[in-house]
Amino acid sequence: MNCVKVALNLPLDKLFYYKVPEELTGQVKIGKRILVPFQKKKLIGFVVEEVKENHKNLREIIKIIDDFPPIGNDLLLLGRWIAEYYCCSIGQALHSILPIQYPFKADKDKLNRKKSSFSLPVSHKYRGEMDALLKEGKVILLRVENWEKRIDLYLQLIKGVLEKNRQVILIVPEVSYIPPLQKALQNFYKGEVSVFHSKLSPKQRYNQWWRMKRGEVDLAIGTRSVVFSPFPKVGLIIIEEEENLAYKQIEVPRYHVREVAIKRAEIEQFPIVLFTQSPSLESWERGKEGVYKSISFSKDVKNFPQVEVVDLRKERDRIFSSPLTKTIRQELEKNRPVLLFLSRRGYANFLLCRECGEVIRCPNCNIGLTFHLRDDLICHYCGYRQKAPQVCPLCRGKELHRVGVGTEQVEAEAKKRFSGIGIRRVDLDAINSPLAYKQLLNNFKKGKSDLLIGTQLLIKEEILQRVSLVGIILIDTLLNLPDFRAGEHVFQLLMKIKKLMRGDGKIIIQTYNPEHFALSTLKKGKEEAYYEEEMRIREELGYPPYLHWVRILLEGRNKDKVEEAARRTEEKLKGEKISFLGPSPCPFSRIKEKYRYHLVLRDESLVRIREVLKKRLISLFVHFSNVKVAIDVDPLRTM
DNA sequence: AGCACGCCGACT
DNA sequence: GTCGGCGTGCTC
């Protein structure tokens, strides 16, 4: 009797045995999906292993879904690695690798392959260099800020790989990056491009997957999941903006696409190129240690805009300091558009009662409600809305003070100060669709906006290139986020602005913390000094990348139960020779009616952390009722 | 993750 | 007497 080991999409660290019925023997193959009975349900699972020996009391496979294995040996290996590294089941990893429900039937269609062709009017100056790089067999970190140069390098890289009859995967952080990139590449690359991301319909995803599998295309562009592209022979993976936080998946499996890509490259033997404007500290360190080959294509430092840091403690006006106001006027007089950045939507951060000192909070989240001019009070975490009260709901106090500045307030203040100009606010409340953004951009390019006020939505090359002044209203909103990477993210954001703006431009940063080294190194243009100092601090405090972190997040509606679970986890850890932080309430201690506690295990060796997890903790977590446990290996955010 | 089993309190 | 809470344990 034949049986198979099957990986199911369940959070169970276990494979299940099933009997192969007579009529299906011969059709079973490793990597195919099958339908199996599981308790009262029917589930789709992957055949992971064929077993000859006899097992009693096994249930039978209901049917075989695919005519051929959609997941080959290499992707199966990658799935096993993801499961091991990120502490999930093989089934969960494999279902993430193949995010498609349709069956794969025998390929009867004729191959409709169109030969890719190139015309490269761009200079070939990097061609030899790129070819030589790819031969080195190392991960390559390319520090390039400028779009044109980046496209040029992409084309050189892609051409080199396609000539060897191999395929290229190009990974971007978000769907919105795809169309402009595709357009730019297709000016020179005449072949078919497969586009793959989570917003495609199931049918579209299935079709794209087929095109890649059959080798009808040589180039795939997409978000995270395109890293699992089933190309016959991958020759190169390019990752755009490697430092982008979107590359870490929030749900299980909580993988980082950079790490998965590097692992895949190791398994299938092909090179990896990471592009960045301002690298993550992890990549910078690996570059310095020689793990990555790091190459800078940056323009001359002299061509970067000047940076001025304004100490708000010394200013009377805390939105428009005198240096900022003066410079804005100068720019407007010269008819040059200005961008004001603030990472906070709404009018005011929260409402504070002057009499009892209470802040009006969201009933679902332990967070102050943001005051908006039109919609009144809104929770930026769960979307809860209510009308702003006239008096304090607790003490009936009449003085509700609006604390903290948001983009709406900056807009209102700007309108008072600068008349007769086009002022446009750009945040998630004002721009709610790609079309709205497109319209904004068109109007901006036509010169209809003199002053743009907005959040991260504005930090785009096409906008930054066209402004000569960027004013950061209050960098402290980002600098003081309760996350140890806050400083790094601020530095990356400001560096990106600096590198994308024209050389004759200016950046004015307003802050209550002008001594912060992320700001001082930025001002002096000492990029390397920033990374070195950040590394020193991380080492001193036992933070990544010096130590590996594994975060255990405990969530539940019942506060006592979550606390109890946290305490029991702590008890189990105390006997182990491993360093850990917590348990403590998360910085955002309650979100969407759920109380949140966390612990962080840390060690130089991830293997050691995983051993403790598997031997001591997983068995404990199973017994928690009404408390959800999330294990996040190499977490990017710990809020 | 689901789902069943089982053991205690407050209801028709 | 039974309905339903959630602690416990299992799923090929």
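Chain A is the first sequence line, chain B the second, and so forth, proteins listed ahead of strands; every chain is numbered from 1. Below, all heavy atoms of this structure are taken into account, side chains as well, without hydrogens, waters or symmetry copies.
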Would A/R254 pass as a cation-pi partner of A/Y86, given that its NZ or CZ must be under 6.0 Å from the six-membered ring centre and within 45 degrees of the axis?
no
Residues A/K105, A/D67: salt bridge by 4.0 Å N-O rule
yes
Cationic tip of A/K29 within the cone over A/F68's six-membered ring, i.e. under 6.0 Å and within 45° of the normal?
no
Is the positively charged end of A/R610 above the ring of A/Y85, judged by distance under 6.0 angstrom from the centroid and angle within 45° of the axis?
yes
Between CZ of A/R616 and OG1 of A/T569, what distance do you get to the nearest 0.5 Å?
13.0 Å
Scoring nucleotides 4-12 of chain C by protein non-hydrogen atoms under 4.0 Å (B base, S sugar-phosphate only, - none) yields --SS-SBBB
